[in-house]
Structures are given as structure tokens and as C-alpha cells.
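For reference, the structure is listed below as C-alpha cells.
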Amino acid sequence: MANQDSTNPSHDLFEQFVQAQTCKEVQRIFSELCHHLQVDPRDYQSFYTKLKERLNYWKAKSLWVKLDKRAQHQDYQQGEVCAKNKCLVLGAGPCGLRTAIELALLGAHVVVLEKRDSFSRNNVLHLWPYTISDLRGLAAKKFYGKFCTGVLDHISIRQLQLILLKVCLLLGVEVQTGVEFKGFVEPSGATGWMAKLFPDNHPAGKFQFDVFISAGGGSFVPYGFKRKELRGKLAIGITCNFLNRHTAAETQVAEISGVARIYNQKFFQDLLTETGIDLENIVYYKDDTHYFVMTAKKKSLLKMGVIKQDFSDADKLLAQVNVDQEALLRYAYDAAQFSTGHCLPDMQFAQNHAGQPDVAMFDFTCMHRAENASLVRERKGKKLLMGLVGDCLVEPFWPLGTGIARGFLAAFDTAWMVRSWGKGRPHMEVLAERESIYQLLSQTTPENTSKKYSAFSIDPATRYQHVNLNSVKAFQVKNINIIYSFYFYSQYSVGAFEVLLKWCQQHTAGYDRVNVKDLNQSWRSGLALCALINTFRPRVIDMSSLEESNAVYNNQLAFNFLERELGILPIMSAREMSFKGQIDKLSMVHYLTQIHDAFNERTPTKAPLSAPKVNPDPVNLDLEPSLMPGISSNEECYFCCQRVYVLERISTEGKLFHRSCFTCHQCGTTLRLGGYTFNQHTGE
């Protein structure tokens, strides 16, 4: 058997593929393996089956057994449920690759884009029990023999990426590295959604997709998704990695799963006495590197010269110009030496992707969280489902080790959303269900998720103990998607602004005192809005009776008609529209596009200037906007009872709130959806 294996090139290539330790090496060997077996990875629907048939190698059988078991789960419907969907995943981090695997199992054509061409992140991730079980089910042990042996519950980001990359390739996922996503190319008559890439002649630029998943990290969140900053009391984290030469002496050094001052005051006092370093906690894991992460006290960092000058602003405090890099290296080195009892021999910093010592300092109490996890775009009849996973959805709080655990949960939730999309469910229902599940994500812990890890699937009911898939209703996500769609086009489609402006100019031309030059300031007096209405609904407004100086009246006149007759809610009050220093362009684009869409099916029938005009019902302009006729009570803020305009609203518990009013009754902190409890009896 051994001699036979050694003479079969495909078997040798398979062994090399399994053992490959760099991204480039994995891709190169996989390409050679496919070429030798004469299988084409671009034939994604049958690739995995053909690969198994032609690689008839006993050492590969355990791998096929694992992957087959996963693929045969009922959720995937034999890979038919999303066979017509094409998915672009941005980012080949662990969450992006994990999402790509699920989409491939659903039968979708999946392309992953990654800006870097190497995997160089040394930091080590803590794994919850379910993530260990999940990765074992993907044959992680086959690709990385040391995976979670004994009581180990962690893995380096780089090794995890390599495992997931190999699984992706085997399942027919196309992974493109060294290519940068620059934006979207909108559909034309003959083509669907495509990506603008750098280099601009990259073949992936021709890929047409109907699903876009961003796993590009916190630094890249697609325009249209709003994020909230969650900030607590300042806590400064330091991470560092040292070379692991895997010597006997290094093996003997015990890991530190987590030492906190409150539980071991003597340790931290001795550290302070010997080195001058004052920490709140420290963790030490061994993997490809010796990885340390610690929370340092600001006073200690200032005293040791790591931070040059004290600032109350965290960004200024930790800015590169305010950090002595050499002092930071000494600080991290001494802390690592002391915490391991000076037993690690010949400690040398590992290098990061830039070739520098892999040490970083950051404020981990400043985290961001997306307000919504999904959106749908539509242009020229082509819909695009968009979702977030990983750090661009929720940035992790590292002391709790939530990053990869919640990241994988979000990957499964996103795959479930794409499954519903592939089954043809109405897109607002798909989004409402996704947002309902998203409300649970930040509350998940190892204790409150299901303990039946072997039963975990992309179905949320198998993972969350108490999940209500209908807690967010379709009407609640409708306005969010309307608003964000125009934010989206501001980033990726300047041409859409120009088209809208020309349409407005065309249908307001010829009116006295109306000169539309832009999509914000030209609308202040209200005359342009009234003119636009008059073009499509003649004799509704007496244009000759309107005064340019009476902007509040003009705007309220237009607002009332558009809301009453067309159902278009005002984005601000008439007074704000008239007197606000600078009218927000994106808000006006949102509003005008709704007017465009409502009137677009109608032929303009501008009334002759001599024709009689009829004013709409009189409006009491002395009333507050919340008391205007035609405004129903369900458009009022539940707490302050004032009118809630679209751009400032939050909807939950069947009620509407101003974002500024949605605060905790006890401490006044601004609340986030899914992160509160509601007292039905007191309304607090």
C-alpha cells in the first residue's frame, strides 16, 4: 500500500495539500491537484463529487466521511435550495470562510475576495465548546493534528484560516486573494450586480451575484449599514506574540487561561514590585506562537514611558505618535517573562504582516455594532441581498472570548437567511427574520446556547434555546431598507444622483421662483416641492398664492399632501426644512427618490398657468408637527409623544421611539435593540 501511494502523484499532492502551511502554498498545490485529476473547480455544482471519485485514496476517506455527513443535512436539501444563487463574500478571515462553506453546502456559486495574499495573523482565538465540535465536524483534526488536543480550547487565527480555506476549496468555493473590493457595479440591461475590483482587469470582476456578504472586518462596513459605538470605562489591551520553536523547554511552560487581579492579587502585586508593570489581567496561550494578551493600567503605561502624554480622549491617548514603541516592546516582554516564571527560553518577538514585532496596544472598551444585519438593494429589477458577519457586524469583547463563537453563529444565521432567499420568500420577510435572530447574538454565551452541539445546524432553532423568528416584523425593516438604499447609492453610484437631479429639474422647469440646482438647498423654500406635486397633480396647489418667504407653510403644504395621498412620510419637520443651516443631502435624496418612484408611473400633466387652482385642506401651521392633521398616533414616540421622523426612529415592542429617547429608565444609557428588558406593566 505504501509503495502504491508513493507512486501515485495525486496521492502525494493530496498529502502536500493537507500539510500546506501558507495560503499561497495551499492554493498552488490545490491547483496542481485539480489539474492532475482533470477536475475543474469552476464546475462548482459537481466539483466535490468528481473530486471524491477521482481521488480514490484511503487517507482521504475520513475527510470525505466528515464532509459528506455535513452535506447530507436536511437544511441543505442536497445542495438544491440555493443552486441558482451566486454569492460574493468579501474577506477570507475565519468568519468569511465559514460563511462561504455554508453557502457552498446550500448549492450556491460562491466567490471569496481577500485583499491580502497571505495569512499572517498570529493572535490566538478562544473557542467555545460548540465551535470545537463544529470544526471537528469539518475535519479540522485532519488538517491540523494538534487541533484542541486534551483540554486545549484555542487556535491561532492563521491556522483556523488555513483549515477553512482547505475546506472551501474542496467544496468548490472560488477564493481569490490579492484582490481589493472597490465598490459595486450596478446592473445594466444585460448584466446583474458586479464588483469593481483592483486590479480592475481581475477575472472576478465579471462575476454576477445576487448575494453579497461582507466579512471585511471592522474597517470595512458597506455603505448603508449604520454602526453604533459601545464604549465603557477605558481599558487598554496589549497583545504580543513570541516565536514558538516547539522545544522541550517551551512545552513545559504552563498556559495561563486567565488570571485576574481580583482572584490573584499577590501575583499582580509581585509583578508591580519587580517590574513596575501594573495589570488587571493576563492570558497566555501556546499555538504557532507564544501569545499573550493583557489589560494594562494607564497610570502604569505613563510611568513606564509607553504612553508619552496623558489625554482624556482615548484616540489621542493611544495614537501612534503618543506611543513609544520601544518602551511598549519592553513592557510586553517583561510582562510575558514574569507571568511564565522566566521559563520561556530565548524569547523573540514574532513578526506581523508588516514585518514588525507583533505587539499591539488598543482600547478594547470601544466596540462597534451594526444596527442591522441585512439589507436588500434593487436596481433595474435586479435585487441584491446584503449581509454582515464577523467584526463588521459585532466587534468582540476579547476578555469574554466571544469573537469567533459569535462570528460563527452569525455565519450560520446569514446562511439561513440566504437559504430563505434561495427558496423565494418575500425579501422583507427574509430581512425581518434575519433581524429577529440578530437581536439574540449579543446575548449568547456558552451557558445559554443549546448544549446539543452535534445537532447544531444553520437552523437557528438548533442553536438558540429561545428564538422568536417573528420578533421583528416586515414593516419594521421596510423603512430601514428604504433609507439605507439611498445612503448606499451615494457611495457607489454618483450617476444615480445625477439622474434624480435631472428628473427634478425637468419636472419643475418653468415655474416662477423655482430653480433646482441641487438635491438639498434648492428645496428649502418649499416651492420646488409644491411645483413637483403640481406637475403630476394639477390643480391641487395654487402656486400663484405661495410666497417664497413663507417656507414653513409651503413645506408643510407639500409634506401633508405627500403623506396623505402617497404615503411618503416626511424626513424632518417643516420648520427644520425651512431654517436648518444645511439640509442633509442624503436625507433629501431619500425623500425625493420616494416621490420619483410614486410619480414615475404617471404621465406629467402640468396644469396650464391660467387654469384654476384649488388649495388642499387648510393646515394649522401653529400646531406642533406631532399634532398636524392626518398624522396618526402610531407615528409618535412612545416616551415623549412627539412626532418621529423616519431618519430618527427606532421600532421595537410594536412601538416607535426617537433614538435619543430610547434610554434605560434607571441609568439613562442609550439602549440598543436586543439589549434591554421591557416592563409591560409600567411601560419602562
Side-chain angles (χ1 to χ4, degrees), residues 122-126 151-154 231-244 249-287 289-314 316-319 322-350 357-367 396-403:
N122 295 315
N123 287 2
V124 177
L125 301 168
H126 171 70
V151 296
L152 295 183
D153 59 357
H154 50 265
R231 184 181 289 275
K233 184 180 178 181
L234 177 68
I236 301 172
I238 297 175
T239 61
C240 57
N241 286 275
F242 298 90
L243 294 178
N244 188 349
E250 289 171 296
T251 305
Q252 295 302 314
V253 180
E255 292 187 330
I256 304 172
S257 59
V259 176
R261 175 180 293 273
I262 190 172
Y263 299 116
N264 195 337
Q265 295 185 16
K266 184 180 185 305
F267 172 89
F268 290 97
Q269 186 58 50
D270 291 346
L271 171 65
L272 177 61
T273 302
E274 181 176 320
T275 66
I277 294 172
D278 201 2
L279 302 180
E280 291 287 355
N281 52 48
I282 188 167
V283 172
Y284 161 52
Y285 288 147
K286 271 183 288 191
D287 202 271
T289 61
H290 297 285
Y291 169 70
F292 295 83
V293 58
M294 60 200 82
T295 307
K297 292 189 176 182
K298 182 175 75 169
K299 185 177 179 181
S300 168
L301 292 168
L302 286 164
K303 183 178 179 181
M304 300 292 287
V306 177
I307 296 177
K308 300 175 184 178
Q309 186 177 349
D310 192 7
F311 291 101
S312 58
D313 181 84
K316 289 183 178 180
L317 182 73
L318 301 179
N322 197 43
V323 175
D324 185 322
Q325 194 66 23
E326 290 300 319
L328 175 60
L329 295 179
R330 289 194 300 270
Y331 194 97
Y333 183 94
D334 291 345
Q337 274 277 32
F338 180 89
S339 63
T340 55
H342 302 275
C343 292
L344 277 179
D346 191 21
M347 290 177 60
Q348 182 179 342
F349 285 108
D358 195 353
V359 180
M361 183 166 63
F362 56 97
D363 172 19
F364 69 79
T365 52
C366 177
M367 297 170 291
F397 183 58
W398 74 259
L400 297 181
T402 60

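In this chain, residues are counted from 1 in sequence order.
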Parallel, tilted or perpendicular: ring planes of H126 versus Y285, cut at 30 and 60 degrees: parallel
Electrostatic pair D278:K299 at N-O distance under 4.0 angstrom: no
K286 side chain vs E250 backbone, donor-acceptor pair below 3.5 Å: yes
Backbone N/O of N322 and side chain of Q309: donor-acceptor pair under 3.5 Å: no
Nearest-0.5 Å distance, CZ of residue F267 to CD1 of residue I256: 5.5 Å
Minimum heavy-atom distance between V359 and Q325, given as atom pair plus value: O-NE2, 4.2 Å
Nearest-0.5 Å distance, NZ of residue K303 to CG of residue L272: 7.0 Å
Side chain to side chain contact (heavy atoms under 4.5 Å, CB included) between L301 and I238, worked out: CA-CA 11 Å; L301 292 168; I238 297 175; 4.1 Å; yes
Criterion side chain to side chain contact (heavy atoms under 4.5 Å, CB included) on I236 and L317, from CA distance to verdict: CA-CA 10 Å; I236 301 172; L317 182 73; 4.1 Å; yes
Minimum heavy-atom distance D363-L318, with the two atoms named: N-CD1, 3.5 Å
Any H290 side-chain heavy atom under 4.5 Å of M347 side chain: no
Any donor-acceptor N/O pair, T340 side chain to Q337 backbone, under 3.5 Å: yes
Under 3.5 Å: donor-acceptor pair, side chain of K308, backbone of D324: no
Distance-minimising heavy-atom pair for C240 and F349: CB-CE2, 4.2 Å
Smallest separation among heavy atoms of G276 and S300, with atom names: O-OG, 3.4 Å
Distance, nearest 0.5 Å, that separates NE2 of H154 from CG of N123: 13.0 Å
Spacing of D310 atom CG and L302 atom CG [to the nearest 0.5 Å]: 5.0 Å
Aromatic plane relationship, F242 with F292 - under 30° parallel, 30 to 60° tilted, over 60° perpendicular: perpendicular
Derivation of the side chain to side chain donor-acceptor pair (under 3.5 Å) call for N241 and N122: CA-CA 7 Å; N241 286 275; N122 295 315; 5.2 Å; no
Heavy-atom closest contact (K298 atom, F311 atom, distance): NZ-O, 4.2 Å
Closest approach of I307 to M361 (non-hydrogen atoms, all atoms of both residues): CG1-CE, 4.2 Å
Distance in Å, Q348 CD paired with Y333 OH, rounded so as to fall on 0.5 Å steps: 10.0 Å
Between CG on residue L271 and CG on residue L279, distance to nearest 0.5 Å: 5.0 Å
CA sep, side-chain torsions, deciding dist, call: E326, L329, side chain to side chain contact (heavy atoms under 4.5 Å, CB included): CA-CA 5 Å; E326 290 300 319; L329 295 179; 4.2 Å; yes
